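Nothing here was measured: the structure is a model prediction, and the numbers come from that model.
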Amino acid sequence: MTFSLPSSSSASSSSTLKQSYDVFLSFRGIDTRNTFTVFLYHALRDRGIKTYIDDKDLERGEIISPTVFKTIEESMISIIVLSSNYASSAWCLEELTKILECKKTKQQIVLPVFYHVNPSEVRNQSGSFGEALAKHQERFKEDPKVQRWKESLQEVAGLAGEHLEDGRNEYEFMHKIIEWVDSTIFKSTYQLDIAEYPIGLESRLNDLNTNLEIGRNDITLMIGIYGTGGIGKTTLAKAVFNSIGHQFEARCFLANVREISSRKDGLVKLQEKLLYELLGSFGSFNIGGVRGSNVMKHMLCSKRVLIILDDVNELRQLKEIAGNHNWFGPGSRIVITTRDQHLLTYHQVDSTYEVQELDHNQAIQLFSWHAFKREKPIESHVKLTTCIIGYAKGLPLALTVLGSDLRGRSIQEWKSALEEYERSPHKDIYEILKISYDGLDDNERDIFLDIACFFKGNSVEYVTKILDSCRFSSSIGIARLKDKCLININCHQCVEMHDLLQEMGKEIVRQESPKEAGKRSRLWFHEDIRHVLEENTGTKTIEAILLDFPGGHDKICLHSKAFKKMKNLRLFLNRNAQFSAGPEYLSNEIRVFDWPEYPSSFLPSNFHGNNLTILRMPDSLIKELGGLKSKNLTVMDLFKCKSITKIPDLSSSPNLVKLDLTVCENLVEVHDSVGFLDKLSRFSVGGCCKLRILPKRFKLRSLRVFNLRECSSLEDFPEIEREMEFLHVLDFRDSSIKELPSSIENLKGLKKLYLYPGSSLKKLPSSISNLTQLQELYVAGCIDQLRSLHIVQVHGDSQVPIHIGKVEEDGIQSTPSVVSTGEECEIASTTAELTPTNSSIFNDASSSSSAIWKSLQVLTLRFCCLSESNFFTNGNYFPALDRLDLSGSDIVIFPVQSLRFDRLRDLCLNNCKKLEEILPLPSSIASVHARECTSLESFALLSEILIKNNGTNFRNLQRIDLYGCHKLLAKISWLIPSWEEL
């Protein structure tokens with residue numbers, strides 16, 4: 001749905017308004033106080049949304065109180081429930097006038113809700129609205145407030161809102177409003193993280209506000225912010241976003257434009273992100289195949305937006321993301337940060353703002369907060385602080401890094417550090433920042449350089465895993481780098497590093513061999529890597545290589561001996577490069593080998609992976625793993641390796657945690673040793689359509705995920721020879737497994753079991769009754785002896801009876817079961833425990849004993865043949881049943897007299913074509929849906945409401961849907977007028 005957002009006032013302030021409430025509800029009490037409005041109020045409060053409602057029951061006076069005025073002013077959103085009698089209240093009309101005033105002056109967001117009222121009635125002031133205004137005119141004569149009320153009603157009717165028409169589901173309508181309120185509050189209150197100590201930021205923001213000209217909504221402006229790296233451009237842009245973002249219809253902060261646009265399809269991704277942030281529902285739209293700039297012009301030309309483009313370094317980025325003023329609606333502001341002033345001049349921005357260095361006093365404050373956790377330096381460090389401020393030249397990043405580096409150190413250490421600073425030229429910020437690097441130990445240096453060259457922007461979990469594989473102390477190392485402000489961990493748990501610090505790290509590596517890339521420890525630049533691999537210029541100095549090539553690159557013509565001299569290579573990470581051939585040699589020092597689309601059938605004969613921790617070769621041509629023997633191996637990912645036929649003995653890799661063989665279409669056999677990998681947590685052979693041999697026995701104590709889906713040739717399932725409490729999901733849909741072993745009971749933690757559709761399994765072993773944690777079971781065929789079903793769902797397309805009865809094995813009466821002979825039926829479970837009281841309660845149709853289903857809350861039996869079933873003829877008792885869905889079944893009378901469900905709230909009988917009579921229902925009932933029940937002639941609840949006592953015994957009742965029940969409606973047509981009077 002679409003709602004109107006406020007336009008900015010010409011006198012609007014950049015400061016955030018005080019808001020006591022998130023939502024103010026304006027409504028007419030006699031219409032909706034005890035129905036829609038009170039339900040909406042409680043639902044909003046339950047969401048944690050601060051909502052104001054006037055809960056006085058007495059008729060309110062005509063003069064609105066100052067308290068209510070103040071509450072309206074201090075609310076973010078006003079929801080106006082326009083019901084038939086709304087205009088008859090002078091109080092409501094005064095509220096409405098005040099709300100629209102706040103929309104203009106305080107950017108309040110207004111949502112009109114036309115509650116069983118046509119918006120045209122409000123706009124044209126006809127019907128009940130016209131009558132009410134006529135009475136007000138007669139009462140107040142020439143009082144100008146009546147004219148104000150008329151204008152306010154016309155204005156609110158012109159706003160985009162939501163219209164509840166007769167017959168529309170009121171619950172869904174209310175839920176839609178709540179979701180919109182939730183989203184609007186998030187967008188209006190969302191704040192970007194800025195500097196921990198924002199020294200000098202307020203004055204910069206005040207200066208920039210002159211350029212922004214907030215309040216001029218007749219023009220669109222582009223403003224450029226420029227300055228050297230680390231000067232605070234991004235911090236200032238974030239402050240702009242936080243301070244004025246709430247005054248626009250939509251806003252978007254596009255971070256790291258330079259970095260993202262350099263990747264393959266990077267600009268397209270930025271365009272899609274921008275459209276998603278500004279339009280909300282654009283997330284699934286892929287503009288990769290069309291010119292994104294044309295889409296943006298079309299979609300945004302009438303929308304007043306705030307866009308921040310952070311770290312722009314090329315003109316093409318501006319042309320594709322913010323090509324012209326007319327791309328955006330009047331009143332929009334486009335803010336661009338860059339290190340290149342000429343870029344802004346060429347793009348003809350309306351104004352530019354150069355971010356200056358901090359002045360002396362501000363620099364002292366910022367440094368002192370980081371070095372001493374106070375505004376000024378301690379007395380003994382004043383002179384040293386002054387010297388350091390001189391070297392930093394007011395650069396915020398340098399002040400932050402150096403202050404953090406010196407915090408807690410002695411005066412002697414400060415003096416020593418100062419001597420280091422003095423040996424570096426003041427103009428060279430690189431050298432100043434490098435001093436912090438020089439203060440790191442060897443472990444921290446390696447981690448810093450790896451992050452700077454390879455892992456900026458990656459998740460902490462991923463970076464830690466890679467660094468640990470290299471035997472670095474990554475956890476303490478990352479923590480220390482963070483303490484020294486050399487990296488940061490963002491709210492998404494990703495590693496961030498300022499561009500200056502990243503460039504410093506890369507420069508340190510470049511200086512190892514300024515002219516010969518093959519003599520550097522780390523390679524990341526695609527031209528350097530191509531030269532080393534094609535010209536065979538690598539040396540033993542190389543420790544790590546990351547191949548992340550721009551789009552459209554040629555294959556690397558790998559020199560046959562390219563890796564021969566790289567004796568110390570520990571990381572090989574190939575993101576997207578393609579090779580003409582595979583290597584003939586690999587170092588056994590390699591810890592991480594990540595090479596998708598590996599072009600050879602074999603690994604080099606010398607490579608045994610002695611130190612290998614992670615092996616990733618998805619979509620590769622590999623046929624055999626050769627003599628791979630790595631006791632440290634934790635991950636083996638051979639996803640979609642269509643040439644591999646056998647997984648060899650992996651007993652030499654006892655630390656393996658993940659084994660991914662998904663969609664290895666020609667894989668036939670997995671070695672028995674895999675069944676004894678004690679640390680294996682994830683094991684997938686899903687989609688291995690030729691797999692016939694799995695390990696005969698499983699002793700996988702740590703296994704959590706085991707995927708056997710679509711193994712169409714697999715007939716035998718392993719024996720489970722020890723308890724496995726961590727495996728929660730087991731999926732072998734579309735497999736050919738015919739029987740599960742009785743040892744399946746050792747999967748003590750199993751919660752989800754997928755056997756449907758396409759499973760060859762016809763029967764489960766009786767030992768499955770010991771799977772007491774099972775919550776969801778998807779299966780076709782017979783199901784024996786389950787003890788922990790939670791939600792039962794059965795969908796059947798064939799008209800075959802469903803029975804609850806005794807299941808006997810070898811003449812011995814078994815525990816209760818659910819048995820279905822339907823061709824397509826699903827029994828799923830997730831929430832409420834189903835606990836039969838004893839094993840004798842499930843009897844055949846001739847028994848008079850009742851089944852007590854103590855905790856079952858939801859039961860779905862759609863399109864099932866129930867007329868011949870004993871399910872509803874055994875006197876079953878459902879004391880906790882809340883929802884019952886029998887849609888499409890062939891039931892004739894419901895409920896049978898022996899059936900009891902005292903707490904039933906929602907009953908769905910849609911499309912029960914044979915249903916003739918609905919007998920009395922419990923007083924707890926809240927909704928009955930019986931659409932298209934064409935044979936229905938009698939409905940006890942409806943008679944109770946219309947004839948006897950107007951439903952006073954059914955206080956929870958909210959909805960009865962009898963659409964298409966022609967026989968019943970014809971019989972009660974004479975009662976419809978009295979129904980409408982309710």
Of all the heavy-atom pairs spanning [X] and [Y], show the shortest one and how long it is.
X	Y	result
L667	K646	CD1-N, 3.7 Å
N568	S587	N-OG, 4.3 Å
N746	I720	ND2-O, 2.7 Å
N611	R471	OD1-NH2, 2.8 Å
L571	C470	CD2-SG, 3.5 Å
R616	D594	NH1-OD1, 2.7 Å

Salt-bridge criterion met for [X] and [Y] (N-O under 4.0 Å):
X	Y	answer
E507	R510	yes
R591	E589	yes
E277	K273	yes
R522	D446	yes
K748	E725	no
R258	D310	no

Might you confirm whether atom [atom1] of [X] has over 12 heavy atoms from other residues, nucleotides or ligands at distances under 6.0 Å?
X	atom1	value
K269	NZ	no
K373	NZ	yes
Q511	CD	yes
D193	CG	no
K465	NZ	no
R682	CZ	no

Donor-acceptor pair, [X] side chain versus [Y] backbone, under 3.5 Å?
X	Y	value
S702	L680	no
T464	E461	no
N458	V495	no
Q502	A452	yes
K238	I194	no
S469	V592	no
S630	G609	yes
N490	C494	yes
D619	E597	no
D528	A517	no

Judged by modelled atom types alone, do [X] and [Y] share a side-chain donor-acceptor pair under 3.5 Å?
X	Y	answer
T613	N632	no
S261	E314	no
N655	K679	yes

**Request:** Cation-pi check, R445 to Y437: give yes when NZ or CZ is under 6.0 Å from the six-membered ring centre and within 45° of the ring axis, no otherwise.
**Result:**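 The answer is yes; both the distance and angle limits are met.
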**Request:** Taking salt bridge (Lys or Arg N to Asp or Glu O under 4.0 Å) as the test, write out the residues that go with E179, two or more places apart.
**Result:**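 Checked E179 against salt bridge (Lys or Arg N to Asp or Glu O under 4.0 Å); matches are R47.
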I need the [X] [atom1] to [Y] [atom2] distance, nearest 0.5 Å.
X	Y	atom1	atom2	answer
L694	F683	CG	CZ	5.5 Å
E721	F676	CD	CZ	6.0 Å
L547	L523	CG	CG	9.0 Å
D442	S473	CG	OG	11.5 Å
N488	K482	CG	NZ	6.0 Å

**Item:** Parallel, tilted or perpendicular, as decided by the 30° and 60° cut-offs, for the rings of F593 and Y598
**Value:**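 Y598 and F593: perpendicular rings.
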**Asked** Parallel, tilted or perpendicular: which describes the rings of F563 and W595, with under 30° parallel and over 60° perpendicular?
**Response**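 Aromatic pair F563/W595 classed tilted.
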**Request:** Report the C-alpha separation of I556 and F549 in whole Å, then their side-chain angles, then the decisive distance to 0.1 Å, and conclude whether the side chain to side chain contact (heavy atoms under 4.5 Å, CB included) test is met.
**Result:** CA-CA 11 Å; I556 294 176; F549 281 29; 3.7 Å; yes
Any side-chain heavy-atom pair of [X] and [Y] under 4.5 Å:
X	Y	value
P396	L366	yes
R697	D672	no
V635	V657	no
I447	R480	no
P596	N574	yes
C453	V509	yes
L700	F706	no
L650	H671	no

**Item:** Y585 vs K567, side chain to side chain contact (heavy atoms under 4.5 Å, CB included): CA-CA, chis, key distance, verdict
**Value:** CA-CA 10 Å; Y585 171 92; K567 304 292 185 182; 3.5 Å; yes
